[in-house]
Amino acid sequence: MAKKHKDELDIREPEFENACECQHEQDSGYYRTGSTTPPKDHAGVVAVVLVLLILCSGLITALGLLDIHPFHPAAPAEPRSPMSFSAADGTLPQVLEQPDPAQPEDAQENMGPTCPADAHTDLQLKSSPQGSENMAQEGALSWQQVYEKVLPSVVSITTRTPNTSSNGSGVVMSCEGYIITSAHVVENASSIEVLLTDGRTFGATVVGADGISDLAVLYIEADGLTAAEFGDSDSLRVGDEVVAIGDPLGAELRGTMTEGTISAINRDLKIGGKNMTMLQTTAALNPGNSGGPLINCYGQVIGINTMKIGDYASTSGVKGLGFSVPMTSAKPVVEQLISIGYVSGRPTFGIKGQMLSSFYQYYYRLPVGLLITEVKDRSTAQEAGVQPGDLLLSINGIRITSANKLEELLYGLSVGDKVNTVIYRSGREYEMMLSVEESEK
């Protein structure tokens with residue numbers, strides 16, 4: 001092989017010398033290097049082979065996962081043996097025998113019903129009896145009778161503030177003109193209007209309101225009122241059927257009745273920092289139902305509707321979770337609101353406030369705080385120098401950003417406690433001590 005290569009070099013040398021004779025003369029440093037043909041590149045062939053190997057490997061793996069064996073004959077199917085389990089003591093449980101299809105029909109008692117020979121594949125509607133009135137038990141009323149009995153006692157409430165208006169419901173407590181509703185329905189209202197079922201409209205005044213129980217009592221000067229009958233909520237049981245009557249989404253839908261059950265009793269909830277014991281119901285409650293009655297099958301008001309779950313939990317689309325103040329809890333509150341105008345023992349600083357909008361904060365370059373709108377006469381806040389228009393920034397180092405935050409902090413204090421308070425006024429902060437006193441409103 002080496003000799004053949006040498007012969008090839010000997011034959012080509014003269015031609016190479018003649019072809020490059022002029023180059024020898026010009027460049028004496030020129031050296032011959034043999035054949036200038038570049039070696040063949042096999043990288044493309046190698047790459048194709050590798051790709052084919054990878055594809056083959058992937059195909060084989062896929063067939064293995066699918067339990068497909070193209071190069072092996074299929075094994076005959078073996079009958080499956082029943083799986084056995086042994087108990088802790090080593091004994092075997094009894095194996096249930098499978099029915100034999102060859103046995104006669106009367107021997108296969110556990111086979112279940114069979115389709116009748118005259119079965120139809122089309123949808124057939126049979127005649128139905130007329131809907132009957134729902135009688136829960138002896139002495140109870142039908143829901144139609146409950147609605148007729150209680151509806152004249154349910155009122156629509158419209159409240160107005162300088163910036164907006166809202167709607168709620170209420171129930172007539174006595175023919176003298178007292179109406180029970182929710183405290184949050186009439187909170188900060190500059191005017192209150194009550195619409196009766198017979199279409200009459202009256203202006204209402206707030207006799208008293210209690211934020212902790214979320215109850216309020218209104219008064220209207222009207223005659224011919226139909227007072228509701230109130231029942232003992234302590235006799236309720238989970239599963240008792242109830243209905244709610246009110247104005248869901250406003251007075252346009254006033255007098256709407258929704259049906260449900262008592263789904264929980266003595267449900268303890270912490271709302272806005274205050275602990276409340278409520279009745280839980282599946283009756284649909286919506287904005288506008290607040291302050292309306294929850295009624296049992298005897299037509300008795302056993303709760304004052306106050307909220308649904310979306311009011312205290314940021315949850316959308318939740319259904320069947322409404323809450324009402326039980327009448328046994330509402331009774332002493334309502335009686336105190338009528339007799340003295342407030343519930344004794346409730347803590348307060350003697351101030352009222354509202355949240356300041358972000359626009360005013362940025363425009364006037366004000367810190368985040370609660371805008372004080374009212375200071376009670378002869379209160380500790382007034383004696384300390386607090387004025388309407390001040391900003392309440394913090395109490396005991398806790399930042400106050402809303403009226404709910406102030407109430408939440410109050411509910412953790414007792415009458416007589418002293419707190420460190422920071423007030424903002426005219427570009428300066430003032431620190432003062434305030435005493436917690438008993439609320440009279």
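The analysis underlying the following values was restricted to heavy atoms, covering all of them including side chains, and did not include hydrogens, waters or symmetry mates. Note that the numbering runs from 1 along the sequence shown for the chain.
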>> Would L393 and L370 count as a side-chain contact (heavy atoms from CB on, under 4.5 Å) here? Give the steps.
In response: CA-CA 7 Å; L393 301 185; L370 183 70; over 6 Å; no
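- When all heavy atoms of M278 and L269 are compared, the pair lying nearest together is CG-CD1, 4.1 Å.
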> So F323 and R267, side-chain contact (heavy atoms from CB on, under 4.5 Å) or not? Walk me through it.
Replying inline: CA-CA 9 Å; F323 299 95; R267 178 72 76 192; 4.0 Å; yes
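- The side chain to side chain donor-acceptor pair (under 3.5 Å) test with T306 singles out one residue from T181, D214, N289, and that residue is D214.
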> Given Q336 and S344, is the side chain to side chain donor-acceptor pair (under 3.5 Å) satisfied, shown in steps?
Replying inline: CA-CA 8 Å; Q336 286 200 55; S344 60; 3.2 Å; yes
Quiz: residues 187-197 side-chain donor-acceptor pairs under 3.5 angstrom, not counting sequence neighbours:
{"from": "S190", "atom 1": "OG", "to": "R160", "atom 2": "O", "distance (Å)": "2.7"}
{"from": "T197", "atom 1": "OG1", "to": "L151", "atom 2": "O", "distance (Å)": "2.9"}
{"from": "T197", "atom 1": "OG1", "to": "V154", "atom 2": "O", "distance (Å)": "3.1"}

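- Scanning both residues, M173 and I338, for their nearest heavy atoms gives CE-CD1, 3.5 Å.
- Heavy atoms of other residues, nucleotides or ligands lying less than 6.0 angstrom from NZ of K405 number 12 at most.
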>> For a side chain to side chain donor-acceptor pair (under 3.5 Å) check, start with the C-alpha distance between N266 and T277, then their side-chain angles and the critical distance, and finish with the verdict.
In response: CA-CA 5 Å; N266 297 328; T277 301; over 6 Å; no
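- T261 has its side chain out of reach of V242: every pair of non-hydrogen atoms, C-beta onward, lies at least 4.5 Å apart.
- Under the 4.5 Å side-chain criterion, counting only non-hydrogen atoms from C-beta, V206 is in contact with L218.
- Atom CE of M355 has 12 or fewer neighbouring heavy atoms from other residues, nucleotides or ligands inside a 6.0 Å radius.
- Heavy-atom minimum distance, A209 versus L337: N-CD2, 3.7 Å.
- Using a 4.5 Å heavy-atom cutoff, the side chains of I372 and V386 are in contact.
- Residues I212 and R346 have side chains in contact (heavy-atom distance under 4.5 Å, counting atoms from C-beta outward).
- In this structure the side chain of I304 reaches within 4.5 angstrom of the side chain of V171, judged on heavy atoms.
- T258 meets the side-chain hydrogen bond (donor to acceptor under 3.5 Å, both in side chains) test with no other residue; sequence neighbours excluded.
- A side-chain N or O of S263 and one of Q280 form a donor-acceptor pair less than 3.5 Å apart.
- Looking only at atom types and distance, the side chain of D247 has a donor-acceptor partner in the side chain of S156 under 3.5 Å away.
- The heavy-atom pair separating S394 from I400 by the smallest distance is CA-CG1, 4.0 Å.
- Partners of K418 by salt bridge (Lys or Arg N to Asp or Glu O under 4.0 Å), not counting sequence neighbours: none found.
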> side-chain contact (heavy atoms from CB on, under 4.5 Å) between T348 and V436: does it pass, once the steps are laid out?
Replying inline: CA-CA 6 Å; T348 184; V436 180; over 6 Å; no
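- Contact annotation: the side chain of F349 approaches that of V419 to within less than 4.5 Å [non-hydrogen atoms, C-beta and beyond].
- Atom CG of L279 sits about 6.0 Å away from atom OG of S324, to the nearest 0.5 Å.
- The CD1 atom of I265 sits 9.0 Å away from the CZ atom of R237 when rounded to the nearest 0.5 Å.
- Considering every non-hydrogen atom in both S233 and P326, the closest pair reads OG-CB, 3.4 Å.
- Using a 4.5 Å heavy-atom cutoff, the side chains of R428 and Y424 are not in contact.
- Using a 4.0 Å cut-off between charged side-chain N and carboxylate O, D232 and K331 make no salt bridge.
- Counting heavy atoms from C-beta on, the side chains of L141 and K149 come closer than 4.5 Å.
- Under a 4.0 Å N-O distance rule, the pair E383/R378 does not qualify as a salt bridge.
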N/O donor-acceptor pairs under 3.5 Å from side chains in residues 360-367, not counting sequence neighbours:
{"from": "Q361", "atom 1": "NE2", "to": "L356", "atom 2": "O", "distance (Å)": "3.1"}

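- Checked against ring pair (Phe, Tyr, Trp, His ring centres under 6.0 Å), Y430 has no partners two or more places apart in sequence or in another chain.
- Evaluation of the ring pair (Phe, Tyr, Trp, His ring centres under 6.0 Å) rule for Y178 yields Y219 as partners, not counting sequence neighbours.
- Between A384 and L434, the shortest heavy-atom contact is CB-CD2, 3.6 Å.
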